[in-house]
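What you see is a predicted model; the values in this text were computed from it and never measured.
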Amino acid sequence: MILESIELTNFMCYAGTNKFEFTEGINVIIGDNGYGKSKLYDAFYWVMYNRCFDTSIKKFAETSTLKRLIVSDKAIKEQEDGSITASVILTFRNTEKDSVYILERRYTVNKSGETIKEDQDSEEIIWFKELSFLTAREVIEKEEVKRIKDNILPDNIKPYMWFQGEQVESIIDFNKSDTLTQAINTLSNITRFDKIIDIAQGLKESSSREFNKKQRDLSSNKGESERLEVERQNLLGRIKALELLELQIKDNLATAEEKSETLLNQLTDAKNIREIEARRNSIEKNLIEVQEEYNDEQKSLHKRMFTDKWILKGTEKLFEDYSKIYGEFERKKLQNEASIQAKLDAENALLVELQARLPIDVPEPIHLEHMLSIEKCLVCDREALKESEPWLKIKELMDRSKMKIKTLEDTEITTHNFSGDLKKLYHNGLGLSHNIKDIDDNIASIFRRLKRLDKRRKSLSEELSKIESEKNSLIVNASLNVSQANNLLNEYLAQNELVKRSIAEITSNANIVSKKREDLAKIEAELNKLVIGEIPAYLLEKVKVLEEFYQVAHSTRKRVFSKLVKMLEVEANKHYMEMTQENMSSRGVIKLKELSNGKNYMPELVDEKGNVLLQLNTGNIILIKLATIMAIISARQGSRDTDLYTLITDAPMSVFGEDYTIGFCKTVSKVYRQSIIMSKEFYKNLSLRKQLLTDTEIKLGKVYLITPSIQENIRSNRNSLSTNIEKLN
């Protein structure tokens with residue numbers, strides 16, 4: 001069944017009508033992260049299973065949950081009023097029968113103004129066309145719909161044919177020992193041997209019941225036979241329970257061995273992670289201290305403007321100018337004081353002279369006032385007319401009582417006396433002048449310290465980034481986080497202890513089973529002794545043959561499975577070598593190791609001497625898993641699964657380097673008749689893209705380049721978002 005095309009209309013970021021056509025070979029859709037590759041994968045998935053991947057919950061969600069998220073925002077925005085339908089159409093062609101299956105899924109919303117009414121669920125439409133007869137009909141019956149989808153991709157095959165890059169981890173999970181066995185069982189014919197074993201088991205049990213019944217019928221003591229039969233059945237039940245317990249213990253042992261081996265592979269990485277984490281913590285602590293010191297120094301720059309007097313930088317001349325002005329001010333002030341002092345001295349001399357003529361208040365002021373008013377001196381009885389010399393002398397005697405000896409302190413030398421403030425400013429400036437001389441050296445010293453701290457801070461930051469990158473690389477390659485690395489040794493010791501305990505339990509259980517079988521043999525011997533006559537030869541032969549058939553069925557299944565495993569090893573290594581041919585690093589050889597329970601296998605890498613290669617990185621592990629999956633497919637070429645089903649995968653190469661990309665494409669194009677790969681590896685690496693388009697070893701189908709209609713950095717609003725599709729071949 002070949003997928004001829006997918007047509008998307010208003011589906012998510014694919015606004016309008018968009019179509020991809022495919023052929024046999026490897027079809028590649030190239031686009032950067034966020035350009036619509038995963039939405040295209042969702043489109044395939046939606047048509048088949050009515051579900052899309054919901055990035056908010058990291059799970060596939062039903063249409064009834066997603067609703068309008070399925071419809072293009074651009075289509076909704078541009079529609080005035082009415083219905084907007086998102087649809088995806090897949091066209092499959094059965095080349096053998098020359099028939100076509102068209103699978104369509106639609107989802108509609110209705111817009112009225114700003115209100116969006118959502119349909120509850122999607123609508124599925126399937127058409128079947130027979131090209132030879134030019135007939136077509138719509139498929140309605142549920143059973144036929146299911147049959148058509150099973151023909152396109154059965155559910156048990158789906159995990160190995162349709163998957164996203166991150167799902168490779170879980171398809172074959174190294175922490176689940178039966179996932180490889182499940183894959184082998186699903187994708188090989190081994191299960192038919194299991195059916196043969198079930199048939200052999202049923203026939204064996206039927207013949208045993210018939211034989212036991214015949215024994216009881218021929219018994220000489222039926223009561224004793226019945227008792228022994230009950231005891232025998234009890235022993236059989238106990239032995240079966242012990243065998244089941246042994247299988248469970250062996251499963252536990254296999255899991256413990258596998259985990260122990262995985263942990264052993266990670267012990268070195270765990271030690272490195274612990275050591276690098278300790279270094280990281282030390283560097284981080286130093287960085288925090290240096291950063292705080294640097295921040296404090298930065299903050300203190302503003303304070304130093306005042307505490308270290310940096311604000312005065314360049315004011316030396318101001319102080320010199322102020323000193324000159326203040327000196328001139330003091331000189332003039334002294335001159336003024338001297339002039340005022342001379343005047344005071346003259347005034348004080350007159351006052352002293354007056355005081356020498358008569359004592360103060362003699363005559364008393366009231367008598368002097370009377371004499372002035374009558375204009376006559378009552379002491380000498382002479383006339384003293386107003387404003388005459390005698391009158392003025394009398395007035396001097398009166399004014400003398402109000403006068404006192406004056407000093408500079410009593411005299412206003414200037415109208416606004418700032419002498420004290422100016423003196424303080426001078427003294428302050430005098431004290432600060434010594435600081436001003438050291439400001440340049442002080443600033444230079446502080447900035448040298450800041451520069452040293454900044455250099456140290458950047459150095460530590462770079463060292464921290466480097467060690468973080470180193471740690472993250474170790475964590476990714478080892479699939480461990482720091483917490484797991486710290487607990488790894490304890491877990492490894494615990495798994496080793498579980499291995500020892502399981503081995504001891506198996507030995508103990510085997511001894512108990514052996515004893516029970518001895519008891520069973522004794523009971524069967526006693527039952528035989530009670531038999532009178534002969535058991536028919538045909539019945540004895542029947543029991544013997546069916547017992548042998550049962551043993552042969554088991555051994556054949558084991559032999560066929562072992563042969564299949566060996567074949568898978570060859571196929572897996574062929575694919576692994578091809579995928580890694582462009583990379584020069586050590587790659588080892590894939591070995592499918594049988595676990596202790598004898599029924600499960602796990603892939604591991606060994607060197608040419610069979611020694612297990614430890615410290616595998618994530619890329620190696622993913623390549624082993626992909627090689628193993630493709631080996632199961634290619635080893636089944638006779639079943640034509642590769643012809644019947646199309647591989648569809650989103651970003652399968654995202655977890656390993658570009659060196660493996662071309663090898664992966666070559667391998668896929670050889671293993672699968674048709675594949676559709678969504679990839680970002682060819683987007684920016686144009687030389688890699690050119691190699692894809694020109695390498696003759698790659699059976700190439702169609703190649704498309706997808707880009708968004710708007711730049712990624714402004715895609716928060718998707719109202720104008722659509723996807724451009726460009727054919728590259």
Side-chain angles (χ1 to χ4, degrees), residues 1 3-22 29 36-55 59-93 99-113 115-129 136-153 158 162 646 648 650 676 678 706 709 718-719 721-723 725:
M1 192 82 70
L3 178 57
E4 289 192 331
S5 67
I6 181 172
E7 186 174 322
L8 308 92
T9 302
N10 296 330
F11 180 81
M12 296 190 174
C13 62
Y14 290 88
T17 299
N18 307 268
K19 189 172 185 179
F20 295 87
E21 294 179 338
F22 306 113
I29 292 88
K37 301 189 304 299
S38 295
K39 300 307 179 191
L40 180 59
Y41 181 85
D42 278 340
F44 290 110
Y45 209 89
W46 185 56
V47 175
M48 289 285 286
Y49 307 109
N50 197 26
R51 289 185 292 165
C52 294
F53 194 75
D54 188 343
T55 54
K59 290 181 180 178
F60 282 95
E62 302 285 342
T63 300
S64 56
T65 300
L66 297 169
K67 293 186 176 179
R68 68 170 292 176
L69 295 177
I70 288 172
V71 185
S72 160
D73 289 343
K74 184 175 186 288
I76 294 175
K77 179 69 176 178
E78 292 178 351
Q79 177 74 31
E80 291 293 332
D81 279 323
S83 63
I84 309 102
T85 298
S87 72
V88 178
I89 302 172
L90 299 180
T91 301
F92 292 91
R93 181 169 181 175
S99 57
V100 170
Y101 294 101
I102 300 173
L103 282 68
E104 180 179 5
R105 191 171 295 278
R106 302 173 183 170
Y107 180 74
T108 301
V109 297
N110 287 278
K111 182 178 179 182
S112 177
T115 303
I116 304 295
K117 184 180 178 182
E118 302 168 308
D119 282 0
Q120 183 58 35
D121 208 342
S122 66
E123 177 187 5
E124 182 180 55
I125 302 166
I126 297 178
W127 284 87
F128 172 66
K129 293 183 178 181
R137 64 181 176 84
E138 185 177 356
V139 179
I140 300 173
E141 293 79 7
K142 289 184 179 180
E143 287 300 319
E144 189 176 0
V145 169
K146 185 179 184 306
R147 181 180 57 77
I148 289 172
K149 289 187 177 181
D150 283 342
N151 286 337
I152 292 171
L153 189 65
K158 181 179 70 175
W162 284 23
T646 299
I648 300 178
D650 174 25
I676 299 169
M678 274 69 87
I706 57 174
S709 60
R718 305 193 308 170
N719 289 339
L721 174 62
S722 61
T723 301
I725 302 170

With a 4.5 Å limit on heavy-atom distance, are the side chains of [X] and [Y] in contact?
X      : Y      : answer
Lys67  : Gln120 : yes
Ile6   : Val88  : yes
Leu721 : Asp73  : no
Tyr107 : Glu118 : yes
Ile648 : Leu3   : yes
Lys37  : Ile706 : yes
Ile29  : Ile676 : yes
Asn10  : Ser87  : no

Over all heavy atoms of both residues, which pair between [X] and [Y] is shortest? Give the atoms and the distance, please.
X      : Y      : value
Lys77  : Lys111 : O-NZ, 3.5 Å
Asp121 : Ser64  : OD1-N, 4.1 Å
Met678 : Leu40  : SD-CD2, 4.2 Å
Tyr45  : Lys158 : OH-NZ, 3.4 Å
Ser122 : Asn50  : OG-OD1, 2.7 Å
Lys149 : Val47  : NZ-O, 4.1 Å

When rounded to the nearest 0.5 angstrom, what is the spacing between [atom1] in [X] and [atom2] in [Y]?
X      : Y      : atom1 : atom2 : result
Ile89  : Thr9   : CD1   : OG1   : 6.5 Å
Ile70  : Thr108 : CD1   : OG1   : 11.0 Å
Met1   : Arg93  : CE    : CZ    : 12.0 Å
Thr91  : Glu21  : OG1   : CD    : 9.5 Å
Ile116 : Arg68  : CD1   : CZ    : 5.0 Å
Lys117 : Asn110 : NZ    : CG    : 7.0 Å

- Message: More than 12 heavy atoms of other residues, nucleotides or ligands under 6.0 Å from CD of Glu138: yes or no?
- Response: yes

- Query: Would you say Lys39's side chain and Tyr14's backbone share a donor-acceptor pair under 3.5 angstrom?
  - Reply: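 Here the side-chain-to-backbone pair does not exist.
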
- Task: Without swapping roles, check the side chain of Ser722 against the backbone of Ala15 for a donor-acceptor pair under 3.5 Å.
- Result: no

- Single hit among Ser72, Ser709, Cys13 for side-chain contact (heavy atoms from CB on, under 4.5 Å) with Thr723: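 The single option meeting the side-chain contact (heavy atoms from CB on, under 4.5 Å) with Thr723 is Cys13.
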
- Show your reasoning for whether side chain to side chain contact (heavy atoms under 4.5 Å, CB included) applies to Leu103 and Ile152. CA-CA 11 Å; Leu103 282 68; Ile152 292 171; 3.8 Å; yes

- Message: Test of understanding: with side-chain hydrogen bond (donor to acceptor under 3.5 Å, both in side chains), list the residues that count as partners of Lys74, not counting sequence neighbours.
- Response: Glu78

- Task: Taking side-chain hydrogen bond (donor to acceptor under 3.5 Å, both in side chains) as the test, write out the residues that go with Ser83, two or more places apart.
- Result: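 Scan of Ser83 (side-chain hydrogen bond (donor to acceptor under 3.5 Å, both in side chains), adjacent residues dropped) gives none.
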
- When the ring centroid of Trp46 is compared with that of Phe11, is the distance short of 6.0 Å? yes

For the pair [X] and [Y], name the ring-plane relationship: parallel under 30°, tilted 30 to 60°, perpendicular over 60°.
X      : Y      : result
Phe53  : Phe60  : perpendicular
Tyr49  : Trp162 : perpendicular
Phe128 : Tyr101 : tilted

- Message: Strictly below 4.0 Å, N to O, side chains only: are Lys146 and Glu143 in salt-bridge contact?
- Response: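 No, Lys146 and Glu143 are not salt-bridged.
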
